[in-house]
Amino acid sequence: MRRTDPQGHGPVRYGPPFPGDGLPVLPELTAVLAAAAGRPDAQPAGGGPALLGAACGYWARRGLPAQPDQVAAAPGAPALLHALTAVIGGDVLVPRPCAAWWAPQVRALGGTVFHVATPAECGGVPDPYALLETVRRVRAEGGDPRLLVLSVADDPTATVAPPELLHETVEAAAGEGLHLVSDETWRDTLHRPHDTVLLSPAEMLPDRVTVVTDLSGALLPPGWPAALARFPANASGDALRARVLDVLTALGARIAEPVAAAAGYGLGEPEPVTERLTAAVRLHARVATATHRAVVAAGCLARPPRAGRHLYVDLGPLRPALGAHGVGDAQELEDHLTARLGMPTPGGHRFGDDLAALRVRLDTGALLGHTPGERAQSLTSPEPLELPHVRRALALVGSIFDDLCDDAQRREPPR
């Protein structure tokens, strides 16, 4: 069974930037953080009572009731996944592609990651039959698969897994005795929340699923690290949480008090927070749709974005044109598009995809303007796609992909 390359291609210490919203920080959040700026300490490992209580309220409103002793907080989801991986041990299964920060947490502990193919309709959740075959092959070669990490609302593909597929995958994982970590960072960023059904694996398999949510997905700026974990409400979940708290304590992974105050405010979902989130999601949905339209018109492949602030593009059909520019793999494509677009454009290999595949993630936050004023205008405008700075950014994306399309057509052999 081929293990994923722990080094990859290109700078191994490079990590793709988190898809930030590109918008000014909500003033009410800034005020809460500033009011707590005089508190010099950090929260206790796992979070303080007020923060955990706010987390329970947040999850209860999403149909996932929890008690404070079932929840833990940490300065970012990577710390939580690191602790979970250390405690559960064994080999880890993830979909291909997956969030760029998952595999490094496993490899930092000396563990092994196995990528599992995803179905055609979505990313984030392994195909159930591919999952069973991967588990069988890993065990046949002496491996010890124990943990499956997945995401229903996915980074990098911006898709949302249909409930019937998720159910089949969760059942397959349960049958193999795997524990599941459900990364639900993007669940509150559905582009069409009334037309999209999102179910958590914890609703289907409550005894074997730990939910992880990084608040930078919807509630906090990426530079204010805070994340939550919700453990199963049983003896195994209690033991898992206790051991995770031990690891967080050993790492010194505690949330600063001012950030915890802002996180608690955001988790309470007061009107300013919900209004900002609704407006931001609507903005990114429109920009993502326009970007998707441009890249598909140029002959690229991309699933329609359904969540988040990004989309995942396959430039395989333009390989001849890219080859003329010296682009033959995902690292070279990353370098080429980053330089031409003037924004980070991480290649698919950063997300566990094949190096030879010409895939990249495009983040919509970089298309909203270069100054705080432009970004604020993008948020408040009734027609953000008509703003000059947004039109220029989208036109640049379209022209670069159109040029590649034209080059590819000129290089097609005559029929």
Side-chain angles (χ1 to χ4, degrees), residues 58-66 77 80-81 84 88 92-99 102-103 113-136 145-214 217-218 228-234 237 303-308 310-312 351-353:
Y58 167 86
W59 268 315
R61 291 188 292 275
R62 285 152 182 79
L64 295 173
L80 288 170
L81 183 58
L84 284 161
I88 294 172
V92 179
L93 305 168
V94 299
R96 182 190 298 277
C98 68
W102 290 0
V113 179
F114 291 93
H115 284 272
V116 186
T118 54
E121 62 264 39
C122 70
V125 176
D127 177 88
Y129 299 102
L131 175 64
L132 292 172
E133 176 61 15
T134 302
V135 171
R136 184 193 68 77
R146 299 186 194 177
L147 178 62
L148 169 64
V149 187
L150 48 74
S151 57
V152 181
D154 184 45
D155 171 23
T157 65
T159 58
V160 178
E164 57 274 14
L165 167 70
L166 180 64
H167 190 269
E168 291 178 6
T169 299
V170 166
E171 281 195 334
E176 296 299 327
L178 302 178
H179 189 84
L180 281 75
V181 169
S182 176
D183 177 9
E184 301 186 6
T185 295
W186 300 103
R187 70 167 296 152
D188 295 327
T189 65
L190 301 184
H191 294 179
R192 296 182 176 180
H194 299 297
D195 299 330
T196 306
V197 178
L198 185 150
L199 291 179
S200 169
E203 298 177 68
M204 301 177 178
L205 192 68
D207 292 342
R208 300 188 70 89
V209 177
T210 297
V211 176
V212 171
T213 299
D214 197 306
L228 306 168
R230 175 190 180 273
F231 297 87
N234 54 28
R303 298 182 181 101
R306 304 296 187 198
H310 50 277
L311 68 157
Y312 199 58
F351 309 99
D353 222 335

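The first residue of the sequence shown is numbered 1, and numbering continues consecutively from there. Values below: every heavy atom of this structure, side chains too, minus hydrogens, waters and symmetry copies.
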Sequence-distant partners of [X], side-chain contact (heavy atoms from CB on, under 4.5 Å), two or more places apart:
{"X": "Asp207", "value": "Asn234"}
{"X": "Pro304", "value": "His292, Arg306"}
{"X": "Arg146", "value": "Ile88, Asp144"}
{"X": "Glu171", "value": "His167"}

Only one of Val181, Thr210, Leu178 clears side-chain contact (heavy atoms from CB on, under 4.5 Å) with Leu147; which? Val181
Just jot down the side chain to side chain donor-acceptor pair (under 3.5 Å) partners of [X], sequence neighbours excluded, or say none.
{"X": "Asp127", "value": "none"}
{"X": "Thr189", "value": "none"}
{"X": "Arg208", "value": "none"}
{"X": "Thr169", "value": "none"}

Sidechain-backbone polar pair: [X] side chain, [Y] backbone, donor-acceptor under 3.5 Å:
{"X": "His191", "Y": "Thr196", "value": "no"}
{"X": "Thr185", "Y": "Gly217", "value": "no"}
{"X": "Arg96", "Y": "Gly352", "value": "yes"}

Pairwise side-chain contact, [X] with [Y], heavy-atom cut-off 4.5 Å (strictly under):
{"X": "Leu93", "Y": "Thr134", "value": "yes"}
{"X": "Val152", "Y": "Arg187", "value": "no"}
{"X": "Val94", "Y": "Phe351", "value": "no"}
{"X": "Leu84", "Y": "Phe231", "value": "yes"}
{"X": "Trp59", "Y": "Leu228", "value": "yes"}
{"X": "Pro145", "Y": "Glu176", "value": "no"}
{"X": "Pro128", "Y": "Leu165", "value": "yes"}

Minimum heavy-atom distance Pro97-Thr157, with the two atoms named: CG-CG2, 3.9 Å
Quick one: closest heavy-atom pair of Val209 and Pro201, and the distance? CG2-O, 3.7 Å
Can a side-chain donor-acceptor contact be found between Ser200 and Glu184 if the only test is distance below 3.5 angstrom? yes
In chain order, what residues pass the salt bridge (Lys or Arg N to Asp or Glu O under 4.0 Å) check against Asp214, with sequence neighbours excluded? none
Selection residues 190-203 - residue pairs positive for salt bridge (charged side-chain N to carboxylate O under 4.0 Å, His left out), sequence neighbours left out: none
Can you pull out every salt bridge (charged side-chain N to carboxylate O under 4.0 Å, His left out) where at least one residue sits in residues 151-167? Sequence neighbours excluded, please. Asp155-Arg361
Set of ring-ring contact (aromatic ring centres under 6.0 Å, His included) partners for Trp186, sequence neighbours left out: Phe18, His310
